[in-house]
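Let me begin by presenting the structure, written as structure tokens, before commenting on it.
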Amino acid sequence: MAAKNFSTRIQLLIKRDMTELTPVVIWAHERPLLEAIHDAGNVLDVDASKLDEGYKPKIGANMLPHNKVQDTIFRPSETLGLGFIFAGDPASEYQRLIDVYGMHPEVKMPWVENVFGRFQEGRFERLLPKPVLKDLPDSQLRTLVAAFGYPGDVQKDATLEEKRAQAAQVRDLRVMPNEGLLKLCADIGVEL
């Protein structure tokens, strides 16, 4: 069976003129739209590995004079969701792209229709195969698990043991391997 080409989150630079570069984070299937709107030579790739250069998970205590405790600082590439796989509804995505990119100024049709054709033709839908949970990267699985309410909020008047148990679940989730994440998704009912 051939591997499916999923649309993933990517970062690009849009060259607007000699001095202006605009960074954008989009789904990979949006790239042809940007190339049609801004000309293919003005849509530049960004090396995602360079986003994390200089990353430090903790700030030195001397930089926090009043509060020595800090939240975890996530990698910039994780914060942007780069590498996440598109798992939405193609019809809704087609409409979103119409809303975002608007009408072609000369052809009197939406940019999406000009680039991909009418939705009813099915070309756009074939660009977006439906993934299953095992196809998703670990960081996206963690985001889905959190969106489904795991590990849950601790009430203000919770006991110290309840607060510690919740903190342990959060720590375990951050380092949980793929197999554990898939099992947790099944246990709490995560669906795409």
Side-chain angles (χ1 to χ4, degrees), residues 1-15 21-38 40-59 71-97 99-101 111-112 115-116 123-151 169-192:
M1 183 174 155
K4 293 182 180 178
N5 286 329
F6 295 111
S7 183
T8 58
R9 297 282 287 174
I10 59 173
Q11 184 176 23
L12 301 172
L13 291 173
I14 307 297
K15 185 176 181 181
L21 289 173
T22 305
V24 293
V25 177
I26 60 168
W27 294 108
H29 62 265
E30 291 179 65
R31 184 183 188 125
L33 286 166
L34 290 174
E35 289 174 343
I37 293 169
H38 299 287
N42 292 328
V43 179
L44 311 170
D45 289 311
V46 173
D47 184 5
S49 65
K50 294 194 185 267
L51 289 175
D52 295 334
E53 283 181 0
Y55 164 77
K56 294 180 182 174
K58 294 272 186 196
I59 296 174
D71 292 335
T72 303
I73 300 171
F74 296 102
R75 293 182 176 278
S77 57
E78 291 174 10
T79 304
L80 294 174
L82 298 181
F84 280 24
I85 293 175
F86 180 80
D89 174 48
S92 299
E93 178 65 0
Y94 191 87
Q95 184 59 50
R96 182 189 75 83
L97 295 175
D99 296 340
V100 169
Y101 294 105
W111 276 105
V112 173
V115 172
F116 298 114
R123 284 185 0 195
F124 184 76
E125 200 166 5
R126 286 190 297 273
L127 282 174
L128 302 174
K130 187 77 173 163
V132 293
L133 289 174
K134 67 178 179 164
D135 295 326
L136 304 180
D138 292 352
S139 55
Q140 189 172 6
L141 287 173
R142 286 185 186 92
T143 302
L144 280 172
V145 165
F148 272 74
Y150 181 87
Q169 288 178 323
V170 169
R171 278 192 308 275
D172 292 345
L173 182 61
R174 286 189 187 138
V175 297
M176 192 176 290
N178 186 272
E179 301 81 31
L181 288 168
L182 291 172
K183 182 179 180 321
L184 180 60
C185 287
D187 292 346
I188 65 173
V190 173
E191 297 176 0
L192 293 180

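These values consider heavy atoms only, across backbone and side chains, with no hydrogens, waters or symmetry-generated copies. Computed from a predicted structure; not experimentally measured.
- Nearest heavy-atom pair, Arg123 versus Val115, reported as atom, atom and distance to 0.1 Å: NH2-O, 3.2 Å.
- Distance check, rounded to the nearest 0.5 Å: CD of Glu191 to CZ of Phe148 gives 6.0 Å.
- Note that CG of Asp135 and CZ of Phe6 are 4.0 Å apart. Values are rounded to the nearest 0.5 Å.
- A pairwise comparison of heavy atoms in Leu82 and Ile10 identifies CD2-C, 3.7 Å as the closest pair.
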Worksheet entry | Verdict with reasoning, Leu192 to Leu144, per side-chain contact (heavy atoms from CB on, under 4.5 Å) | CA-CA 9 Å; Leu192 293 180; Leu144 280 172; 3.8 Å; yes
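- With a 6.0 Å radius and a threshold of 12 heavy atoms from other residues, nucleotides or ligands, Lys183 has its NZ atom at or below the threshold.
- Residues Arg31 and Asp45 come closest through the heavy atom pair NH1-OD1, 2.5 Å.
- Phe116 pairs with exactly one of Trp111, Tyr94, Phe124 by the ring-ring contact (aromatic ring centres under 6.0 Å, His included) rule, that one being Phe124.
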Item to complete: Take Trp27 and Arg96 through the side-chain contact (heavy atoms from CB on, under 4.5 Å) test and state the conclusion after the steps.
Response: CA-CA 12 Å; Trp27 294 108; Arg96 182 189 75 83; 3.9 Å; yes
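- Looking at heavy atoms from C-beta onward, Leu97 lies in side-chain contact with His29 at the 4.5 angstrom threshold.
- Residue Asn178 holds its CG atom at 4.5 Å from CG of Asp138, rounded to the nearest 0.5 Å.
- Formation of a donor-acceptor pair under 3.5 Å by the Asp52 side chain with backbone atoms of Ser77 is found in this model.
- Closest approach of Pro76 to Tyr55, counting heavy atoms only: CD-CD1, 4.1 Å.
- When side chains are defined from C-beta on, Ile14 does not count as touching Ile37, because their heavy atoms never get closer than 4.5 Å.
- To the nearest 0.5 Å, atom CD1 of residue Ile85 and atom CG of residue Leu133 are 10.5 Å apart.
- When all heavy atoms of Cys185 and Leu141 are compared, the pair lying nearest together is SG-CD2, 4.0 Å.
- Here Ile26 contributes atom CD1 and Leu34 contributes atom CG; the two are 4.5 Å apart, rounded to the nearest 0.5 Å.
- For Phe84 against Pro137, the heavy-atom pair with the smallest separation is CA-CG, 4.2 Å.
- With Lys15 contributing its side chain and Val43 its backbone, the two residues share no donor-acceptor pair below 3.5 Å.
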Fill in: Criterion side-chain contact (heavy atoms from CB on, under 4.5 Å) on Glu93 and Glu30, from CA distance to verdict
CA-CA 10 Å; Glu93 178 65 0; Glu30 291 179 65; 4.3 Å; yes
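- The line from CD of Glu78 to OG1 of Thr143 is 9.0 Å long, rounded to the nearest 0.5 Å.
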